[in-house]
Amino acid sequence: MADKIKVLLTEEEVTRRISEVAAEISRDYAGRHVHLLCVLKGGVFFTCELAKRLDLSVSLDFMSVSSYGSGTQSSGAVRIIKDLDEPLEGKDVIIVEDIIDSGRTLSYLIEILNKRNPKSIELCTLLDKPERRVRKEVEVKYTCFTIPDEFVVGYGLDYDQKYRNLPYIGVVEV
Ligand code: IMP
Ligand code: MG
């Protein structure tokens, strides 16, 4: 049976906000080359829409991670399913994520990636659920939307691998 989905952010709202954040990044990094790291799979729609709007020299790389342990509590360690193709040494890196929830994934990811000696590393997320944050040390430089503690889908985010393709962000009604 199909789930009912309530629209939280329309496609227009999302793209308008991505344009604003892209303009902010373009100002902050003016004259520099930016290396965008897309965290698969959820970050892929946002990465494309963001990258298209950056008025900068841009390169892209992709990585896929998964949390260790299942159930309600993850250990905080992440397993790299697909590593980056290129080194980070000396690069201005921006990690592009779909959503920051507990912050465990990113906290661990930043720790691993910092060991590869990038020139700088910042975080850009489509959505942030600060109420859920466990890893308070995770600093997010660019956030498109801060949302309440609800499970959202669309624009790359899934529920059981479904709904990533929705052009808007919605809440699955149970
Ligand atoms: P964290 O380590 O708890 O911050 O995990 C973040 C990851 O959990 C995201 O990259 C998503 O894959 C997933 N996630 C967290 N909240 C949601 C949600 O509301 N919808 C879909 N996926 C979510
Ligand atoms: Mg993710």
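Only heavy atoms go into these numbers, but all of them, side chains included; no hydrogens, no water, no symmetry mates. Remember, it's 1-based here, ligands and their atoms both numbered in the order they're listed.
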A.B. asks: Is there a salt bridge (charged side-chain N to carboxylate O under 4.0 Å, His left out) between K91 and D61 once you walk through the steps?
C.D. replies: CA-CA 12 Å; K91 292 180 182 160; D61 207 346; over 6 Å; no

A.B. asks: Taking side chain to side chain donor-acceptor pair (under 3.5 Å) as the criterion, tell me which of R133, E137, K136 meets it with S107.
C.D. replies: E137

A.B. asks: Is a side-chain donor or acceptor of S26 paired with a backbone partner of D55 at a separation under 3.5 angstrom?
C.D. replies: yes

A.B. asks: Only heavy atoms count here, so choose which of T125, L40, I99 is nearest to atom 23 (C) of ligand 1.
C.D. replies: I99

A.B. asks: Can you confirm whether the side chains of R53 and S19 place a donor and an acceptor under 3.5 Å from each other?
C.D. replies: yes

A.B. asks: Report, as yes or no, whether the 6.0 Å neighbourhood of atom CD on E139 holds more than 12 heavy atoms from other residues, nucleotides or ligands.
C.D. replies: no

A.B. asks: Between E97 and ligand 1, which residue portion shows a heavy-atom distance shorter than 4.0 Å: side chain, backbone, both, or neither?
C.D. replies: side chain

A.B. asks: Quick one: sort the F151 and Y159 rings into parallel, tilted or perpendicular, breaks at 30° and 60°.
C.D. replies: perpendicular

A.B. asks: Taking only heavy atoms of K129 into account, list the atoms of ligand 1 that are under 4.0 Å away from them.
C.D. replies: 16 (N), 17 (C), 18 (C), 19 (O)

A.B. asks: Going by the order shown, which atoms of ligand 1 are within less than 4.0 Å of some heavy atom of E150?
C.D. replies: 19 (O)

A.B. asks: Test of understanding: given a 4.0 Å heavy-atom threshold, classify the contact between L157 and ligand 1 as side chain, backbone, both, or neither.
C.D. replies: side chain

A.B. asks: Considering both backbone and side-chain atoms of V153, is one of its nitrogen or oxygen atoms within less than 3.5 Å of a nitrogen or oxygen in ligand 1?
C.D. replies: no

A.B. asks: With sequence neighbours excluded, what pairs up with E89 under the side-chain contact (heavy atoms from CB on, under 4.5 Å) test?
C.D. replies: N117

A.B. asks: Near D158, which atoms of ligand 1 are under 4.0 Å from a heavy atom of that residue?
C.D. replies: 21 (C)

A.B. asks: If I apply the N/O under 3.5 Å rule, does L106 come out as touching ligand 1?
C.D. replies: no

A.B. asks: Counting heavy atoms only, which of G103, G43, S66 is nearest atom 4 (O) of ligand 1?
C.D. replies: G103

A.B. asks: Can you name the atoms of ligand 1, numbered from 1 with element, that are less than 4.0 Å from a heavy atom of T105?
C.D. replies: 1 (P), 2 (O), 5 (O)

